[in-house]
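Below: the structure, in structure tokens.
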Amino acid sequence: MLFRSDPAEIELPCAGIIEFADAEDKNRFIVDTSSLKTQELFKKHSRQIMAERKGIFNSAGIDFVEVNSGESYIKALIKFFRMREQRAR
């Protein structure tokens with residue numbers, strides 16, 4: 001599985017107080033994105049979700065390749081295929 005990650009999905013930008021709306025139930029809530037605690041909680045939660053996703057693929061026996069959207073996917077794929085080659089030996 002090739003998964004593209006984006007740094008913006010991991011780190012909350014420091015943009016002050018922002019009102020968000022839940023896409024499903026339309027509830028609105030306010031977040032102070034300049035709060036260090038808020039930023040750390042967001043980062044921790046994002047990394048937890050990514051780790052769970054990777055664990056699901058691993059437990060199903062599906063190889064997982066993560067590619068950062070700001071980087072070349074070629075390096076990640078070369079690393080992946082080299083790893084698979086070593087596993088096959």
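This one's a predicted model, so the numbers in the text were calculated from it and none came from an experiment.
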[X] and [Y]: same hydrophobic cluster, using ILVMFWY side-chain contacts below 4.5 Å?
X     : Y     : answer
Val65 : Met83 : yes
Leu36 : Leu12 : no
Ile49 : Ile56 : no

Is there a side-chain contact between Arg53 and Glu66, using heavy atoms and a 4.5 Å cut-off? no
Would you say Lys43 and Ile10 make side-chain contact, with heavy atoms under 4.5 Å? yes
Here the gap from Ile18 atom CD1 to Thr38 atom OG1, rounded to the nearest 0.5 Å, amounts to 11.0 Å
Inspect the surroundings of [atom1] in [X] and state if more than 12 heavy atoms from other residues, nucleotides or ligands are less than 6.0 Å away.
X     : atom1 : result
Arg82 : CZ    : no
Ile62 : CD1   : yes
Arg4  : CZ    : yes

So which pairs with a foot in residues 29-60 pass ring-ring contact (aromatic ring centres under 6.0 Å, His included), sequence neighbours left out? Phe20-Phe29, Phe57-Phe64
Side chain of Gln39, backbone of Thr33: donor and acceptor closer than 3.5 Å? yes
